[in-house]
Structures are given as C-alpha cells and as structure tokens.
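Encoded as structure tokens, the structure appears first; notes follow it.
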Protein chains: 2
Amino acid sequence: MINGRFAISIHILTLLSMEEGLSSDYIASSININPVLVRKEVSRLRKAGLVDTKEGKNGGAFLSCSPRKITLADVYKATYEKPLFNHSKNEPNPRCPMGKRIGEIMDEVNEAAEAALLKKLSGISIEKFRSQL
Amino acid sequence: MINGRFAISIHILTLLSMEEGLSSDYIASSININPVLVRKEVSRLRKAGLVDTKEGKNGGAFLSCSPRKITLADVYKATYEKPLFNHSKNEPNPRCPMGKRIGEIMDEVNEAAEAALLKKLSGISIEKFRSQL
DNA sequence: TGTACTGTAATAATAAAAGTTACAGAAATG
DNA sequence: CATTTCTGTAACTTTTATTATTACAGTACA
C-alpha cells in the first residue's frame with residue numbers, strides 16, 4: 001500500500017545493529033534488491049542522522065547510535081516526506097462547499113493519523129528486532 | 001503516499017451526508033474525477049455496508065446509516081485491503097537471519113500500526129465533516 | 001418506449017516505484 | 001602511487017500501480 005522503503009530501511013538498520021560496516025552489496029543481497037537502492041536509502045538515513053557511512057575501500061554503513069535509541073518513528077520520518085493519505089491531484093470543484101473544504105479536511109485527517117501512527121512507532125526500536133534474530 | 005481512494009470516499013460520504021441520491025456524475029464533478037471511478041468507489045462502500053444505491057432513472061447513492069455512525073475507520077477498512085506497509089516483492093535472502101525474519105517483522109509492524117491508526121480514525125465521523133460545511 | 005441512471009468489463013494513459021548502468025571520487029593497501 | 005574496493009549520484013529504463021476513458025448491458029421511472 002505504501003512503497004517498500006520503510007521495510008527496506010528497517011532491514012538495513014537491523015542488519016547494521018548486528019554487524020557494522022556492511023557494504024551496500026552485502027546488504028542488497030540480503031534484501032534481494034539492487035545495491036544502488038540500498039545506497040539511496042542509506043543516504044536518506046544518513047541525512048536523518050541514523051547512520052554514518054565511510055567511503056572508499058572497506059567502507060560501509062554504521063549505526064550512529066544505539067539500536068535501542070532508533071525507533072520506527074525515526075525511521076518513518078526519515079523515509080517519508082509526503083502526507084500519509086493523498087488526495088487526488090485534480091483540483092476539486094471550488095464551487096462546491098465540499099470541494100472547497102476537502103483539502104483542509106484531509107490535512108486534519110493526515111495530522112491525526114500520522115500522530116497516532118508515530119506514537120505507536122516510537123515505542124518500537126530496532127533493538128527489538130535485533131534481539132529476535 | 002497512499003493512493004487517493006480514501007480521500008475520494010470521504011468526499012463521497014460527506015456529500016451524501018448533505019444530500020442523498022446524488023448521481024455519480026454529480027459527485028464526480030465535485031471531486032473532479034471520472035464518474036466511473038465514483039461508481040467503483042461507491043460500489044466498494046456499498047459492499048462494506050456504508051451506502052445503498054438505486055439503479056435506473058433518478059437513481060443514485062444514499063448513506064445506509066447516520067453520518068454520526070460512519071467513522072473513518074469504517075471508510076479505511078472499506079477502502080484498503082492490503083497491509084499499510086509493503087515489503088518488497090522480492091523474496092529476501094533466506095540464508096540471512098534477517099532475510100528469513102523480515103516478513104514476520106513487517107507483519108508485526110503492520111498490525112501495530114494499523115491498530116493505532118484505526119483506533120484514531122474510529123474517533124472521527126463523517127458527521128464531523130458535514131457539520132463543518 | 002425513451003431517458004437517465006448504475007454496474008462492470010476492457011482498455012488506454014499517466015504516474016510512481018524499482019531497477020540498471022555508468023562513472024567520479026574516497027580511502028585502504030600493497 | 002597505482003590498484004582495488006567501496007560510496008555518491010545522475011541519468012535512464014523497466015515495471016507496476018493508479019487513474020481515466022470508452023462502451024454497453026441492465027434497471028427504473030415517466
């Protein structure tokens with residue numbers, strides 16, 4: 001329903017919680033996707049401050065803090081920028097009272113939904129998954 | 001992020017909470033989408049028991065209960081069947097401990113996330129939007 | 001019987017996501 | 001200091017999902 005980057009990021013971070021300095025090729029072969037997608041996703045996680053990377057030979061990615069401190073709320077925020085629920089690209093009819101308001105309504109719904117989601121996700125850490133492996 | 005059907009359904013139901021028996025053409029012109037998409041979405045809402053429809057001349061759609069009783073949790077469930085968070089279509093590497101488990105982990109995450117989301121959405125009714133117009 | 005609807009299938013167009021290729025630049029290491 | 005192994009990123013292609021369109025059978029009303 002939502003694109004698969006969230007799962008990919010969780011996968012990456014959990015792998016790194018077990019062994020640091022993994023290369024994008026190694027990670028990609030565990031997830032079974034293209035290494036460039038891993039590098040792109042790692043790049044997002046780096047910008048969000050969740051991982052560090054090292055270029056060059058023997059380079060790779062490292063968690064930038066304890067897996068206990070990385071929650072799925074952090075991962076969600078690093079992964080997505082758009083609101084949870086789209087509303088259609090088409091401008092709704094502004095001459096209709098509903099058309100005029102649907103945008104604001106969806107903003108409200110998105111805000112409520114994302115807050116609830118993030119609250120729940122903030123209670124789940126990468127450590128939880130690491131400890132299950 | 002998620003497809004726009006949720007917003008479309010909310011739009012349809014709120015319109016119907018103001019005036020019943022609207023045709024798919026009328027609704028489509030408020031949303032500014034194709035009438036066939038409206039009929040498809042109404043069909044889903046009908047299967048979920050949220051609206052009734054009448055065929056033939058002067059036909060259209062009707063709420064099947066009070067807008068006070070229709071919550072966004074009902075709408076969400078009528079609208080989506082797949083889990084909130086995808087994981088990649090590719091089978092992850094089963095020879096990797098993480099690859100082996102990611103499926104179960106994402107199932108857990110999905111369950112937790114959807115429960116939190118639905119709980120929040122169940123507190124928001126179509127009546128809320130109707131009363132704001 | 002004509003008109004105005006729904007229901008739905010089939011298909012086409014568009015947009016988003018995922019995958020690929022290519023290559024510049026960084027660090028280790030012989 | 002050249003070679004190797006990595007990251008970072010851009011550009012592009014392929015695939016999949018979403019949205020739109022066309023077409024028409026069936027229903028109900030007048």
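Proteins come first, then strands; the chains are lettered A, B, ... in the order of their sequence lines, and each starts at number 1. The basis for the numbers below is simple: all heavy atoms, side chains too, and nothing from hydrogens, waters or symmetry mates.
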Identify, with sequence neighbours excluded, every residue that meets salt bridge (Lys or Arg N to Asp or Glu O under 4.0 Å) alongside B/E111.
none

Nearest-angstrom distance from the residue atom [atom1] of [X] to [atom2] of [N]:
X	N	atom1	atom2	result
A/K40	D/dA10	NZ	P	10 Å
A/N90	C/dA15	CG	C1'	13 Å
B/R5	D/dT19	CZ	C1'	11 Å

According to side-chain contact (heavy atoms from CB on, under 4.5 Å), who are the partners of [X], at least two apart in sequence or on a separate chain?
X	result
B/I124	A/A112, B/L72, B/K128, B/F129
B/R44	B/R5, B/E41
B/P92	A/H11, B/I102
A/N32	B/N90

Please enumerate all protein N or O atoms sitting under 3.5 Å from an N or O of nucleotides 15-17 of chain D, with distances to 0.1 Å.
residue, atom, partner, partner atom, Å
D/dA17, OP1, B/K89, NZ, 3.0

Looking only at heavy atoms, which two atoms of B/L133 and A/M98 are closest? And how far apart?
CD1-SD, 3.6 Å

For a quick test of reading the model, state the closest non-hydrogen atom pair linking A/N110 to A/L84 and the distance between them.
OD1-N, 3.2 Å

Any donor-acceptor N/O pair, B/E20 side chain to B/L63 backbone, under 3.5 Å:
yes

Sub-3.5 Å donor-acceptor pair from the side chain of B/N93 to the main-chain atoms of B/G99, do we have one?
no

Side chain to side chain contact (heavy atoms under 4.5 Å, CB included) with A/R39: of A/L37, A/V42, A/V36, only one passes, and it is A/V36

Quick one, which residues of residues 10-36 of chain B touch DNA chain C with a heavy atom under 4.0 Å?
B/S23, B/S24, B/V36

Which residues within residues 41-53 of chain B lie with some heavy atom under 4.0 Å of an atom in DNA chain C?
B/S43, B/R46, B/T53

Does B/F62 belong to the same Ile/Leu/Val/Met/Phe/Trp/Tyr cluster as B/L16, with side-chain heavy atoms less than 4.5 Å apart forming each link?
no

Can you list every side chain to side chain donor-acceptor pair (under 3.5 Å) pair that touches residues 117-126 of chain B, not counting sequence neighbours?
none

Treat primed atoms plus P, OP1 and OP2 as sugar-phosphate and everything else as base, then score nucleotides 24-30 of chain D 5' to 3': B for base contact with protein heavy atoms under 4.0 Å, S for sugar-phosphate contact only, - for none.
---BBB-

Donor-acceptor pairs under 3.5 angstrom involving side-chain atoms of residues 46-59 of chain A: please list them, not counting sequence neighbours.
residue, atom, partner, partner atom, Å
A/R46, NE, A/T53, OG1, 3.3
A/K47, NZ, A/S43, OG, 3.4

pair A/Q132-B/E108: side-chain heavy atoms closer than 4.5 Å
yes

Aromatic ring pairing A/Y76/A/F6, orientation class (parallel under 30°, perpendicular over 60°, tilted between):
perpendicular

Let me test you: for the helix from C/dT1-D/dA30 to C/dG30-D/dC1, what is the angle between the axes at its two ends (five pairs each), rounded to 10 degrees?
10°

